[in-house]
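Lettering follows sequence order; numbering is per chain, from 1.
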2 protein chains.
Amino acid sequence: MISEKEINIFEDYLLTKNLKHSEQRNEILYIFLKHDKHLTANELYRIVQGKYPAIGYATIYRTLKLLCACGLCRELKFEDGTSRYEHLFNHQHHDHLICTKCGRFVEVVDPQIEALQEKLIKKHGFHPERHRMELYGVCKRCKR
Amino acid sequence: MISEKEINIFEDYLLTKNLKHSEQRNEILYIFLKHDKHLTANELYRIVQGKYPAIGYATIYRTLKLLCACGLCRELKFEDGTSRYEHLFNHQHHDHLICTKCGRFVEVVDPQIEALQEKLIKKHGFHPERHRMELYGVCKRCKR
DNA sequence: TGCTATTTTGATATTGATTTACAATATCAT
DNA sequence: ATGATATTGTAAATCAATATCAAAATAGCA
């Protein structure tokens, strides 16, 4: 399920930045790619630990930085302060709809909203770059 | 400029929760109300320090919690991790448009977007509660 | 191969923001 | 005034994230 393309993106990034390969980086990259979820640094750390107990916390953070820098992932900061790392490859832009009871969340996009957001930014004389939208509510399961 | 109503809200909250008055709480409340800006805890702390050097950091945080609990303010967490406290009284719901160069920001509302957000939440079977939207771009002044 | 410059790593310490613990003090209904 | 309860400041504790640094790994080159 891991796409060769994602690995190439990482490889190319190392190359262009004159960075080196390492087993740790590989291990973290593969584990990150295998888990197509929004993991926290800590969750990733624990999974990596399972296979590679010697790996340090700092290396997780360092590699997550690389993954973000090369465009494979991005850091999401939620309201409660937790940071989660989200896959970017083959995932077009989206926002999040989050259940306030159970924390479950869904990726959502609405082209109309997207268009209006850009319009709103321009109306205030800004040059649009990006946005962040989180919708909160109670999900079907928690509603009853 | 400080509205009696805001003070009453705070008073009432203390009353209903069986909390007590204190000079510190008053001082912090008044200074918070006087500065109709999005201050950080630290900025508020420094201002309060000017009049009340004995006041502790913890008391600032504790009082900000009260201000949020009684509905006079809310904590905003921005992407860079900083928390700012925003006035709620007489400020209807709004989102933020933030300049990525200078950090300046504008409060914005777009009824069309608001409506679509609610629709989108319902479409996914959620019961809508609230949302958070931050728009990022480069402001007029920074553009040139 | 071996050499060497450079990068990476893990352990540990450090930061910075926020929270907590606790003994001393202040508040307020009686 | 008294006593029960809440509040305060100080200092210590958290917590996630970052920086430091000596030792180990990597990769280009002989």
Side-chain angles (χ1 to χ4, degrees), chain A residues 10-32 38-70 73-86, chain B residues 10-32 38-70 73-86:
Chain A
F10 192 69
E11 300 276 307
D12 288 352
Y13 184 79
L14 295 184
L15 215 63
T16 60
K17 294 280 177 182
N18 281 318
L19 302 174
K20 296 179 177 174
H21 288 88
S22 75
E23 289 195 56
Q24 289 91 327
R25 282 183 180 163
N26 273 334
E27 221 36 64
I28 295 171
L29 170 66
Y30 277 78
I31 287 178
F32 170 78
H38 300 68
L39 296 175
T40 62
N42 184 279
E43 286 164 358
L44 182 60
Y45 172 71
R46 283 156 184 273
I47 298 170
V48 170
Q49 279 278 307
K51 278 190 78 173
Y52 234 86
I55 222 151
Y57 226 119
T59 303
I60 299 289
Y61 276 104
R62 289 189 277 234
T63 308
L64 279 171
K65 279 246 153 74
L66 290 182
L67 290 170
C68 290
C70 76
C73 98
R74 86 173 149 146
E75 186 186 354
L76 293 177
K77 293 213 178 203
F78 287 98
E79 268 198 340
D80 63 358
T82 58
S83 286
R84 296 189 167 270
Y85 293 85
E86 160 172 276
Chain B
F10 192 68
E11 301 277 307
D12 288 353
Y13 185 79
L14 295 185
L15 216 63
T16 60
K17 294 280 174 181
N18 280 318
L19 303 176
K20 296 177 177 173
H21 288 89
S22 76
E23 290 196 54
Q24 290 90 329
R25 282 185 179 163
N26 274 336
E27 220 36 66
I28 295 171
L29 170 65
Y30 277 78
I31 288 178
F32 170 76
H38 299 68
L39 296 176
T40 63
N42 182 277
E43 286 163 357
L44 182 60
Y45 172 71
R46 284 156 183 272
I47 297 170
V48 171
Q49 279 279 306
K51 277 190 79 175
Y52 233 87
I55 222 151
Y57 228 120
T59 302
I60 298 290
Y61 276 105
R62 289 190 276 232
T63 308
L64 279 171
K65 278 249 153 72
L66 289 183
L67 290 170
C68 290
C70 75
C73 99
R74 84 173 150 149
E75 186 187 356
L76 293 177
K77 293 213 177 202
F78 288 98
E79 268 198 340
D80 63 359
T82 59
S83 285
R84 294 188 168 271
Y85 293 84
E86 162 172 274

Whole-Å distance separating the [atom1] atom of [X] from the [atom2] atom of [N]:
| X | N | atom1 | atom2 | result |
| --- | --- | --- | --- | --- |
| A:Glu79 | C:dT18 | CD | C1' | 17 Å |
| B:Asp80 | C:dG16 | CG | C1' | 13 Å |
| A:Glu75 | D:dA16 | CD | P | 13 Å |
| A:Lys17 | C:dT8 | NZ | P | 12 Å |
| B:Gln49 | D:dT10 | CD | C1' | 13 Å |
| B:Ile55 | D:dT8 | CD1 | P | 8 Å |
| B:Ile28 | D:dT7 | CD1 | P | 12 Å |
| A:Tyr45 | D:dT18 | OH | P | 16 Å |

Assert: residue with more 5' nearest nucleotide on DNA chain D, out of B:Ala58 and B:Leu14, is B:Leu14
With A:Leu44 as partner, the option from A:Leu67, A:Ile28, A:Thr63 fulfilling side chain to side chain contact (heavy atoms under 4.5 Å, CB included) is A:Ile28
Against the side chain of B:His21, the closest entry in C:dC28, C:dT9, D:dA16 is C:dC28
Out of C:dG10, D:dA16, D:dG9, minimum distance to the side chain of A:Gln24 belongs to C:dG10
Phosphate OP1/OP2 of [N] contacted by [X] side-chain N/O (<4.0 Å):
| X | N | result |
| --- | --- | --- |
| A:Ser22 | C:dT7 | no |
| A:Thr59 | C:dG10 | yes |
| A:Ser83 | D:dA16 | no |

By the 4.0 Å heavy-atom rule, please label [X] as base, sugar-phosphate, or nothing.
| X | value |
| --- | --- |
| A:Arg62 | base |
| A:Thr82 | nothing |
| A:Lys65 | sugar-phosphate |

Review point. Is the backbone N or O of A:Lys20 less than 3.5 Å from a side-chain atom of A:Arg25, with the two atoms forming a donor-acceptor pair by type?
Key: yes
query: Got a donor-acceptor contact below 3.5 angstrom from the A:Thr82 side chain to the A:Phe78 backbone?
result: no
Tell me if the side-chain of B:Lys20 makes a donor-acceptor pair with the base of C:dT27, cut-off 3.5 Å, by modelled atom types. yes
Inset, instruction - With the side chain counted from C-beta on, respond yes when B:Val48 and B:Phe32 share a heavy-atom pair under 4.5 Å apart, and no when they do not. - result: no
Which of B:Gln24, B:Glu23, B:Glu27 passes side-chain hydrogen bond (donor to acceptor under 3.5 Å, both in side chains) with B:Tyr52? Answer is B:Glu23
Residue pair A:Tyr57/B:Leu19 against DNA chain C: nearer the 5' end by closest nucleotide is A:Tyr57
